[in-house]
Amino acid sequence: MFSGKKELFGSGNCAFRQLCHQPPDLLLSIDSTSEYHVYCSPSWSVRDGTPYSIARIMEFLPPEDVPRGPEAENYLYTRVRLAWYYRPGDVSDRSVTDSRLLLAAIFSEVCDINQLRGKCHVVHRDKISDLAGWKKRPDRFYFNRLFDPYVKKEFEIIPATDVRNLPDNIRETLISRYEYVVAEKEVIPDLTDTIRLCNTCQEWCANPDTVQCDRCKRYFHMRCVQPPLVAKPSRGYGWTCAPCSRRHEEEVDSHDVRHATPVTVTKKTNAPAVRGRGRPRKDKSQAEREENMVVKHFKMWPFRYFGQHTVAEDTLDPDDLIFPRTATRHGPKFQANVAPAPELDINPSEPDERGGDNTIENLGIINTLTDAEIAEVEACKASLTDDPKLQSSVDWLTEVIRRFSEAALAAKPLTSVTMKSPLRLEKKLHSLKRSKWKKYETFYTDREWTEDEADAFETAIRIHGAELRAVQEQIPSRKMPELVRYFGLWKSAKVGEESRRLAKGGPRQKVKHRKFESPEQALEGQRVGLSDDEVSIIEQPSKPPTCAACRTRESPIWWKAPKGLSSDIMCDSCGTGWRKYADLVVRPLRDESITSGKSRSDKREGTPLVGPSAKRARTSTSAASTPPPAVGNVPQIRCLACMKNGPIGKVLRCKNCQLRVHAGSCGEIVDPARLEQWTCELCRNQETLEASVIPDCLLCPRAAAEERKNAPYPPSDSFLRACKPTEGQGWVHVLCAVFTNELAFTDASKLRLVEGLSTITRHRGAASAPDPVVLSYDAMIVQESIMRLALGRKVINLVLRFSL
């Protein structure tokens, strides 16, 4: 692996190391047990704004035209072979919120070494002890499945050491060569089970040739039972061995009490248990060991297919194919049985004699003419036109020879031939009467191509190449025969231009590749990758920049944004997140200049300024009315949401920021013994760092820099301090999350983990809120009463403004 190089990246100014943010004196040791994962991508203009691809370096290669053998080691490396990983969104339409999840693949390509953008870490899921902590670190990814681009199917990946249902020699070979095993999901329990031996011959039972007794749960070879089984039982049916069947018959014949059918116990498996999500561990040494874990490779691949279509003994062959396989697709299950087409009930007349004038079309008889007749033909041809371009046209020359031949066969003078008519007669076999030939007129040459059609043709050729069906879709005004003829002429013209250029300037000079005197000198002079994608970095924006995703106006580096966003610029955080993780949370656009409309004191049409009293005046006092309850000495706390007092326990107070809210309004369930120690979500996150340290709501306009400088932010004297984390580790106000229809909570009782931000359409933020003055007076009173009770007076204007 890696062509035997031990230290490819020297201690000089290595661009690859700069991208990885590594110290200048770091040496990357490359041997057969190391693997390096990198970001790979062409320039920004070529990839059209798509994120980086992630791949594993398999080997570095010299230029393609250098000498082979040991001498190639002294040349500068210009190519690299990469094993690709896929993102789940690349192979399916289902939405996956985890931007760190990848799909492995047994697929490699050779790329230019300058397409490497940086270093990352990709580890199998079972090798990670703390997944939440792993995903919080930059440039960290994991995988647990494999996608085959040819079969178009996903497979499970398990460590090779977990495979136990194999003979010792096959299992040892599998473990010594490969780190992982690829198989179908339904095969995993059989592979991870203990070794299964035939109850008759005590040899290993391969799954395709094995049956299990439905009563005693023992395994048998299909050839070892009497009589031998030809096929396994159909799905839904069981099979019992001879002793169990005999025992069952004796129980039935003895008229004993029939015992109840035993309850089927779930079969245990040795597969690793699913890990739960816990708090991140602070053991940095453990994380470093997981990053630098040794992975076995065999012929540059760490895994192989070992599923239901694999013969276990073939694993011993080192040349056995490691790619996923599928069953054959022959037979009536996959192929249609089409009946033969019905024959037409036509009584054809006697067909014309083969070789007659009605079945052969004469194209030219020049080879039968004498020299004098050929000279006469040349003289007549020269008199037909004076256009030199037309005289060299293949279509025109072909038609001239055709008409001269027809005139000679008809015993007409050659001077009677004219080229004024662009039409000619052709013979075509009748579609129904196969013995009849039909004559029709057609053009002997295609009409002239316009400049727009020629430009569209060349553009389509650059995109689709020689796939003329795709090219023809871009030029609907031309038929396929015309397109094929024009393609041949165009290609001949291009070849002619290249031949004339080579004849004039000579052959191209061969590129001289740098060669070193020794392998040691070659190792010191290697430079891998560009410094970064400079084309996608905007040095000096032409106008005050605003990030197309998060709307921030402050960033040390500005990146170009992909197509489809409101602007073509992104901040450093969003630009890096899009390129590395394909993760882009776009804050909805909002019109920040929404006018508040008419004041409440303005008279509305059809509504009086002073409406009638909704309640009837009280005329008397009842002496027998119930007295009000006595107020105790329990300390009361005012909630910032509803502005009502409540005892501690119903109303919680954060011990850090002094936020006061009802427990039900923020989904908190607190132990009564720890009411004084309660902290809000934002204060709790400052210690655990489970979500972003930037508490800006993703659904609200970004606050000004002066407001964010005040600590704490958001202010603790407002209900907007109550926030909840999102699935992308961001934050949203509880108020915004509850009043946005597209959002949902994974745990509604605790209002935990907001989901559905990506489903909010872009026009939602740009639409202005309805003017409250158009509502009726009664509707306005009811609306204000409900919102004052539920949200509090301080947030009424905010809700009305942004129409949450």
Side-chain angles (χ1 to χ4, degrees), residues 83 104-108 124 144-213 217-225 227-235 239 267 269-271 295-331 333-335:
I106 308 180
F107 178 71
S108 65
H124 190 266
N144 57 3
R145 295 173 68 85
L146 179 138
F147 175 78
D148 187 78
Y150 302 101
V151 181
K152 305 295 183 183
K153 184 179 178 181
E154 294 185 12
F155 300 86
E156 296 289 333
I157 300 179
I158 61 173
T161 53
D162 291 347
V163 179
R164 297 179 177 87
N165 186 18
L166 285 176
D168 293 340
N169 59 334
I170 299 178
R171 184 172 183 269
E172 291 175 0
T173 302
L174 192 66
I175 294 176
S176 62
R177 292 178 180 176
Y178 301 99
E179 188 74 20
Y180 307 107
V181 166
V182 179
E184 294 83 357
K185 184 177 181 179
E186 58 271 15
V187 180
I188 298 298
D190 295 334
L191 292 178
T192 55
D193 197 5
T194 56
I195 185 170
R196 299 172 179 176
L197 301 179
C198 176
N199 191 60
T200 303
C201 62
Q202 297 300 318
E203 294 183 0
W204 175 65
C205 293
N207 188 45
D209 304 328
T210 304
V211 289
Q212 183 183 18
C213 179
K217 305 302 179 184
R218 297 176 182 176
Y219 294 92
F220 297 86
H221 287 126
M222 296 171 59
R223 63 178 182 274
C224 293
V225 297
L229 295 178
V230 179
K232 288 187 175 183
S234 302
R235 180 175 297 181
W239 174 85
K267 184 172 58 176
T269 177
N270 294 321
V295 178
K296 294 187 289 292
H297 296 80
F298 184 72
K299 294 185 177 181
M300 298 187 292
W301 291 105
F303 36 62
R304 66 151 294 151
Y305 175 73
F306 201 86
Q308 59 183 357
H309 302 293
T310 301
V311 179
E313 287 76 8
D314 292 346
T315 310
L316 304 175
D317 184 7
D319 297 328
D320 184 43
L321 297 179
I322 64 173
F323 305 100
R325 307 162 194 172
T326 57
T328 178
R329 295 196 177 264
H330 295 165
K333 184 178 180 181
F334 303 99
Q335 296 173 339

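The residues of the chain are indexed from 1 along the displayed sequence.
- Not one N or O on the side chain of Glu154 forms a donor-acceptor pair closer than 3.5 Å with the backbone of Phe147.
- A 4.5 Å side-chain heavy-atom check between Val295 and His297 finds at least one atom pair inside the cut-off.
- Side chain of Arg325 to backbone of Gly307: no donor-acceptor contact under 3.5 angstrom is found.
- Contact check for Ile158 versus Val181: side-chain heavy atoms found under the 4.5 Å cut-off.
- Side chain of Asn165 to main chain of Thr192: no donor-acceptor pair is present (N/O by atom type, distance under 3.5 Å, no hydrogens or angles).
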Checking Tyr178 against Trp301 for the ring pair (Phe, Tyr, Trp, His ring centres under 6.0 Å) test, could you report, in this order, the C-alpha distance in whole Å, the side-chain angles of both residues, the deciding distance, and whether it holds? CA-CA 8 Å; Tyr178 301 99; Trp301 291 105; over 10 Å; no

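- Looking only at side-chain heavy atoms (C-beta outward), Phe306 and Leu191 come within less than 4.5 Å of each other.
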Full working for side chain to side chain contact (heavy atoms under 4.5 Å, CB included) between Glu184 and Glu156: CA-CA 6 Å; Glu184 294 83 357; Glu156 296 289 333; over 6 Å; no

Criterion salt bridge (charged side-chain N to carboxylate O under 4.0 Å, His left out) on Lys299 and Asp320, from CA distance to verdict: CA-CA 11 Å; Lys299 294 185 177 181; Asp320 184 43; over 6 Å; no

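- Within a 6.0 Å sphere centred on CZ of Arg218, heavy atoms belonging to other residues, nucleotides or ligands number 12 at most.
- Closest approach of Ile322 and Ile106 over heavy atoms only: O-CD1, 3.5 Å.
- Put simply, the side chain of Leu146 reaches to within 4.5 Å of the side chain of Pro324, judged on heavy atoms.
- Scanning both residues, Arg177 and Thr315, for their nearest heavy atoms gives NH1-O, 2.9 Å.
- For the residue pair Cys205 and Leu197, the shortest heavy atom distance occurs at SG-C, 3.6 Å.
- With a 4.5 Å cut-off on side-chain heavy atoms, Ile170 and Leu316 count as touching.
- Aromatic ring orientation, Tyr180 versus Phe303: tilted (interplanar angle from 30° to 60°).
- Taking CG from Asp148 and CZ from Phe155, the interatomic distance works out to 6.0 Å, rounded to the nearest 0.5 Å.
- The two atoms that bring Gln308 and Glu186 nearest to each other are NE2-OE2, 4.1 Å, heavy atoms only.
- Of all heavy-atom pairs between His221 and Cys201, the closest is ND1-SG, 3.2 Å.
- In this structure, Asn199 and Tyr219 have side chains that are not in contact, with every pair of non-hydrogen atoms separated by 4.5 Å or more.
- Counting only heavy atoms from C-beta outward, the side chains of Phe323 and Tyr150 never approach each other to under 4.5 Å.
- Counting heavy atoms from C-beta on, the side chains of Lys232 and Val211 come closer than 4.5 Å.
- Annotation for His124 and Asn144: closest pair NE2-CA, 4.0 Å, computed over non-hydrogen atoms.
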Kindly indicate, with the supporting measurements, whether the criterion side chain to side chain contact (heavy atoms under 4.5 Å, CB included) is fulfilled by Trp239 and Leu229. CA-CA 11 Å; Trp239 174 85; Leu229 295 178; 3.8 Å; yes

